Amino acid sequence: MSSHNTTPTVLASENLDLYYGETQALKKISLTMPERKVTALIGPSGCGKSTYLRCFNRMNDTIEGVRLEGKVLVEGHDVNAREVDLERLRTRVGMVFQKSNPFPMTIADNITYGPRMAGVKNKARLEEITEKALRQADLWNEVKDRLSESALGLSGGQQQRVCIARTLANEPHIILLDEPASALDPISTAKIEETLAHLKERYTIVIVTHNLQQAARVADVTAFFMLGEVIEFGDTTTMFTNPANSMTEEYITGRFG
Amino acid sequence: MAHSRNHIHGAPSPSPGIWASALATGIILTMLAVLIGIVAFNAFGWFWPAEITEVNLIDGSRVIGPAVQTEARPSGAGERTKFKIGSRDIDGRDFRWIDDDQIESLQSPSELVRVERSEYGDVFGRLTKINDTTGRSLDPSDTRALQAMLQHGQDLRRQRRNLLEERETIRRPLTRIEEKLALKERSANAQSPETLQEIDALEIRRQKVEARLLPKLDGTDRAVADIDAELERGLLVIDTGRGVVTVALADVINVGFPNDLSFGGQVRETLKRGVEFLVAEPREANTEGGIYPALFGTVLLVLLMTLAVVPLGVVTAVYMTEYARKGWLLNLATQAVHNLAGVPSIVFGMFGLGFFIYGVGGTLDRWFYAESLPTPTLGTGGILWASLTLALLTLPVVVVASREGLLAVPRDWRDGSRALGSTQWQTLRTIILPAAMPGILTGVILAIGRAAGEVAPLMLTGAVKLAPSLPLDGSAPFLHLDRKFMHLGFHIYDVSMQSPNVEAAKPMAFATTLVLLALVAGLNLGAIVIRRRLQKAYRGGEV
Ligand SMILES: Nc1ncnc2c1ncn2[C@@H]1O[C@H](COP(=O)(O)OP(=O)(O)O)[C@@H](O)[C@H]1O
Ligand SMILES: [Mg+2]
């Protein structure tokens with residue numbers, strides 16, 4: 001953690017308030033996520049985890065009536081600043097959604113979608129990107145012979161990993177995952193967790209999860225959200241064995257949520 | 001649990017509502033089948049080379065022609081039969097009802113002939129005399145010689161047409177000068193000294209060009225006159241039972257001996273006549289000949305309409321779903337589009353007349369064709385204005401279907417695309433439009449279906465009974481969007497309601513209806529096939 005003092009923070013928010021029209025979904029959230037670690041966001045549903053995650057790649061922009069106060073920092077820059085190049089921000093900060101959403105195209109076209117939209121045309125380069133991304137997502141061996149088949153023909157778990165690979169193809173620095181395994185069977189879930197475990201060597205990862213065991217397995221630090229507020233934030237093992245806040249304790253021992 | 005058991009042990013009995021709707025669907029489909037059956041039967045009945053009967057009446061007179069219809073006599077006793085006797089130049093009658101008890105004898109010898117000619121309709125009877133183009137008489141029973149002569153007649157006519165076209169090409173420089181002269185002479189300041197000078201100069205040029213072209217023109221004129229003389233000498237004389245009819249070779253379209261045909265020959269003849277119907281020009285105020293210009297006009301009209309409505313409709317739908325801010329204004333616009341779909345089509349015709357023809361066309365005339373006013377150039381009905389009117393008429397269909405297609409594209413895909421760093425435009429182009437394409441095409445299919453059958457607005461915007469030339473031809477600029485056009489729907493109306501010879505034209509109306517039905521079905525089928533292909537290619541693994 002010594003590098004923290006020299007490099008700018010990768011991902012942080014300062015006094016972040018977010019409103020959907022009149023209703024406030026996030027209240028004064030200030031967090032700093034560690035670099036090249038996995039941060040888990042946990043908490044009962046509707047507490048604002050997804051909303052918070054979407055602040056970092058400004059996906060909340062696509063929702064009408066969203067208003068935001070405070071600061072969201074990515075690699076030291078305020079993402080809501082006027083001069084920010086939205087498309088570039090989103091290639092830096094990749095996102096994997098709860099419901100896997102491969103495009104109705106071939107597997108290869110799915111993977112190269114981001115680079116193609118950014119202007120990469122060279123076929124050899126695109127093939128290279130495809131292989132690298134699929135290898136990183138531990139999917140290469142399963143699909144290398146069917147790259148030109150529709151991605152919609154894959155199993156649910158494979159589809160989600162196509163989405164992960166598609167995000168990796170953009171060579172992001174940060175990956176946001178919003179309950180990436182909530183719709184998958186245990187085996188697919190385990191595979192995705194395995195993938196995350198070695199991705200964190202190279203990427204800063206934030207994962208929203210509903211599954212506390214999953215948070216305990218994959219996350220280095222964890223933030224516990226409730227009603228739009230962060231109740232507790234810190235080392236995962238500490239939080240799960242010795243929570244500082246009684247509400248955290250009640251939640252992780254399963255008394256609500 | 002009770003619910004799931006229900007599914008395992010026998011299906012629940014369907015409600016009466018399902019039976020009722022199944023019954024209604026069945027009735028509607030049956031009616032549709034009957035309707036199409038009637039139309040097809042009448043149309044093909046017309047193409048079928050009907051047997052020609054020679055009827056000897058007890059009063060000693062004789063008529064020759066195919067029987068068309070038999071019914072009980074209105075007076076009660078016995079039956080009567082309608083014969084198509086043709087040769088209306090003899091006594092002005094094409095058909096005749098004959099009571100059964102008036103008939104002495106009936107026979108159908110193989111030598112009875114049907115001669116289709118360019119004027120006054122068919123002739124039925126016996127060939128009594130044939131002159132070939134040298135004026136020599138042929139043996140009327142020598143069919144080989146007859147066929148050779150008919151072939152020669154066709155060749156001559158083709159040569160004549162080519163010569164006339166050639167003549168027009170030769171004369172074109174002269175025609176152009178004459179047109180200019182006419183415009184100058186009619187223009188408002190025809191009396192001003194400059195214009196008079198210009199007119200004089202043009203006149204001198206005209207005389208020069210004429211002198212230069214005259215020898216060539218005389219040459220073609222002589223060649224045409226020679227052909228005319230040959231065609232004049234060739235003739236067929238037919239005894240119709242009611243009198244003798246002479247048909248000049250120049251007027252002969254077709255000669256057939258239907259009683260002499262085998263079944264295969266009859267089928268071949270039917271197909272031949274069906275194809276001829278599609279590719280031939282109409283004759284005799286549309287009561288005879290083919291419907292080529294109407295078919296052509298309809299297809300071109302629908303094509304132009306599609307070219308206009310698809311971009312406009314899709315852009316509107318895209319704007320409404322992807323870009324416009326949600327709110328009362330968008331709701332109002334949506335309502336307006338829906339209501340537009342319910343406006344009677346004649347109102348669109350009025351709008352086309354008022355806005356496109358008088359408004360846009362009239363203004364363009366004042367700007368660019370001022371010298372030919374008051375004769376309008378663009379300020380009158382034409383295929384462009386008609387197709388734009390139809391495009392407006394079908395716009396709501398395209399907009400509504402495209403919007404539905406666009407709204408059905410899952411938000412997940414849009415978010416996924418944007419989250420990968422694509423712009424809104426890139427997402428639209430690469431994800432949303434391809435996924436919405438089946439919906440958009442559904443709109444296009446519905447629009448084509450509606451437009452192809454629409455007649456009322458066309459009557460106000462440029463459809464005519466008889467157009468002198470097609471809107472697409474070999475002379476520059478090839479596509480003449482200002483021209484009036486013929487249309488199958490209007491043709492049906494014209495043939496069945498406005499015809500000078502309604503009875504003779506009735507089968508024509510059925511045949512045209514069949515063509516229109518087939519065209520609409522064909523266009524729809526084509527679009528559906530394209531849509532299915534797209535859907536399949538698109539869903540990929542899912543299907
Ligand atoms: N598009 C939206 N419009 C209005 N309110 C929303 C929207 N999305 C989420 N919310 C509200 O914001 C709160 C937080 O939602 P969300 O971030 O999705 O929670 P979580 O991911 O923790 O389940 C909830 O109360 C939810 O109802
Ligand atoms: Mg959520």
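Every chain is numbered from 1, with letters handed out A, B, ... down the list of sequences. Only a predicted model underlies this, so the values are computations on that prediction, with no experimental measurement involved.
- Of all heavy-atom pairs spanning A:M95 and B:A419, the tightest one is CB-CB, 4.3 Å.
- If you measure heavy-atom distances from A:E149 to chain B, you find no contacts under 4.5 Å at all.
- When each of A:G94, A:P102, A:A151, A:G114 is scored by its heavy-atom pairs under 4.5 Å with chain B, the top score falls to A:P102.
- The environment of CD1 in A:I187 is sparse: at most 12 heavy-atom neighbours from other residues, nucleotides or ligands sit within 6.0 Å.
- For A:F97, the part lying under 4.5 angstrom from a heavy atom of chain B is the side chain only.
- The structure places CD1 of A:I63 at 5.5 Å from CZ of B:R411, a figure rounded to the nearest 0.5 Å.
- Remark: A:E64 CD is packed, more than 12 non-hydrogen atoms of other residues, nucleotides or ligands lying under 6.0 Å away.
- Atom NZ of A:K99 has 12 or fewer neighbouring heavy atoms from other residues, nucleotides or ligands inside a 6.0 Å radius.
- Between the B:D415 side chain and the A:M59 main chain, no donor and acceptor come within less than 3.5 Å of each other.
- Expressed to the nearest 0.5 Å, how far CD1 of B:I431 lies from OH of A:Y113 amounts to 4.0 Å.
- A donor-acceptor contact closer than 3.5 angstrom is absent between the side chains of B:R414 and A:T62.
- Note that OG1 of A:T167 and CG of B:L420 are 5.5 Å apart. Values are rounded to the nearest 0.5 Å.
- Within the 4.5 angstrom heavy-atom criterion, no atom of A:R92 approaches chain B.
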